[in-house]
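Below is one structure, written out as structure tokens, with a few remarks after it.
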2 protein chains.
Amino acid sequence: MQNLSKNQQIIFDLIDKSPEPLKAYSILFNVQKRGIKAPLQVYRALDKLVEIGKIHKIESRNAFIACQNSSCQISKATAFSICESCEKVTEINNSNLSKYLTGFKDKNGMKYNKYNLEFFGLCKKCVSKKS
Amino acid sequence: MQNLSKNQQIIFDLIDKSPEPLKAYSILFNVQKRGIKAPLQVYRALDKLVEIGKIHKIESRNAFIACQNSSCQISKATAFSICESCEKVTEINNSNLSKYLTGFKDKNGMKYNKYNLEFFGLCKKCVSKKS
DNA sequence: TACAAAATGTTATATTATAACAATTTAACT
DNA sequence: AGTTAAATTGTTATAATATAACATTTTGTA
Ligand SMILES: [Zn+2]
Ligand SMILES: [Zn+2]
Ligand SMILES: [Zn+2]
Ligand SMILES: [Zn+2]
């Protein structure tokens, strides 16, 4: 478990304390006062943080959240729930699900080493608002 | 089952006959000879085609493929296998998987009405190349 | 200290996607 | 056929997301 570099730490801290997924340019804006001035500095840190599993990219939103699953140090099996109304994103930590998907074999014989799953719906809060 | 408009048909035909996912600007380039000149014309057709389930967006690639599953008219339960070497993408049609995921309930009580799953690995061809 | 790997800094540019507004076509209803 | 609303199209401009290329600095390690 390596330590984070300066830029990586700054950007991880920001994402980790955010209650919602952050987009790259929103991150850039927020860390400019800390000396990170260019998009590439942000993207490089994001790439590394994703690679080591400290954050995940929510592909459908082009946004990043801190890993909420302590055992998920390498991002090879990720699942999220996304509220289509308030955009709240939660990482799903369900061993039944991860076992099922990790063991899944398609009929084409391809063996998978990674997956990403995104569920969409309405969170409890938003469901009750609409009823 | 509505008919497609002119632009929608042109763009669907292109995607449908492509052996690989197509990106929006690659589509634009390819349909310019047919009178579609602006990105927005492409994106609007793509949006509609996704909405009615004729094509799917591969989120991790920002690319689009025709639905390979005749029963998948509304894109609410999609799963794909993606080769990380040759980038071949296949839509997975597995009733066991779709049943499992459609019925999946998280402990937070959120009920999902849609999901997208992307598996990554090496296709048979690419596995044998490397061995 | 010397070396290699990783990280940083910087400018420019590529790629993906939407805003805003006007005009035209299509479909449904008198 | 005439009226109307919805969907689609056309067009220009711009926003948002992401990478290329190159030089320099820092870090870990022999
Ligand atoms: Zn995680
Ligand atoms: Zn919500
Ligand atoms: Zn499909
Ligand atoms: Zn392959």
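Computed from a predicted model, the values in this text were never measured in an experiment. Note: hydrogens, waters and symmetry copies are ignored here, and every other heavy atom, side chains too, is used. By convention in this document, chain letters (A, B, ...) are assigned in the order of the sequence lines, proteins followed by strands, and residues within each chain are numbered from 1.
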Subject >> Out of D:dT8, C:dT8, C:dT10, whichever nucleotide has its closest atom nearest the side chain of A:K37 >> reply: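 Among the listed nucleotides, the one closest to the side chain of A:K37 is C:dT10.
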[Y] and [X], any side-chain heavy atoms less than 4.5 Å apart:
{"X": "A:F120", "Y": "A:S60", "result": "yes"}
{"X": "A:K54", "Y": "A:L4", "result": "yes"}
{"X": "A:N116", "Y": "B:F119", "result": "no"}

Original post:
Pick from A:I36, A:L46, A:I10: which one makes a side chain to side chain contact (heavy atoms under 4.5 Å, CB included) with A:I27?
Top reply: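 Between A:I27 and the candidates, side chain to side chain contact (heavy atoms under 4.5 Å, CB included) is satisfied uniquely by A:L46.
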Send over the distance from [X] [atom1] to [N] [atom2], rounded to a whole Å.
{"X": "B:Q9", "N": "D:dT8", "atom1": "CD", "atom2": "P", "answer": "13 Å"}
{"X": "B:I11", "N": "D:dT8", "atom1": "CD1", "atom2": "P", "answer": "13 Å"}
{"X": "A:R61", "N": "C:dT16", "atom1": "CZ", "atom2": "C1'", "answer": "16 Å"}
{"X": "B:L46", "N": "C:dA17", "atom1": "CG", "atom2": "C1'", "answer": "11 Å"}
{"X": "A:L49", "N": "C:dA6", "atom1": "CG", "atom2": "P", "answer": "16 Å"}
{"X": "B:K48", "N": "C:dT26", "atom1": "NZ", "atom2": "C1'", "answer": "13 Å"}
{"X": "B:L4", "N": "C:dT25", "atom1": "CG", "atom2": "C1'", "answer": "16 Å"}
{"X": "B:I27", "N": "C:dT15", "atom1": "CD1", "atom2": "P", "answer": "15 Å"}

OP1 or OP2 of [N] versus the side-chain N and O atoms of [X]: is any pair under 4.0 Å?
{"X": "A:N7", "N": "C:dA6", "value": "no"}
{"X": "A:K6", "N": "C:dG9", "value": "yes"}
{"X": "B:K23", "N": "C:dT16", "value": "yes"}
{"X": "A:Q41", "N": "C:dG9", "value": "yes"}

Contacts under 3.5 Å, N or O only, protein and nucleotides 18-28 of chain D:
from   : atom 1 : to    : atom 2 : distance (Å)
D:dA18 : OP1    : A:K57 : NZ     : 2.7
D:dA18 : OP2    : A:Y43 : OH     : 3.1
D:dA18 : N7     : A:Y25 : OH     : 2.8
D:dA18 : N6     : A:Y25 : OH     : 3.1

Original post:
Can we say B:K88 and B:E20 salt-bridge, meaning some charged N sits less than 4.0 Å from an Asp/Glu carboxylate O?
Top reply: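 Looking at B:K88 and B:E20, the cut-off is not met.
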Subject >> Residue pair B:T102 / B:K111: nearest heavy atoms and the distance that separates them >> reply: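 Heavy atoms only, the tightest pair is O-NZ, 4.4 Å.
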**OP:** Starting from the C-alpha separation in whole Å, work towards a yes-or-no answer on side chain to side chain contact (heavy atoms under 4.5 Å, CB included) for B:E84 and A:K114.
**Re:** CA-CA 10 Å; B:E84 289 181 304; A:K114 197 168 113 187; 3.6 Å; yes
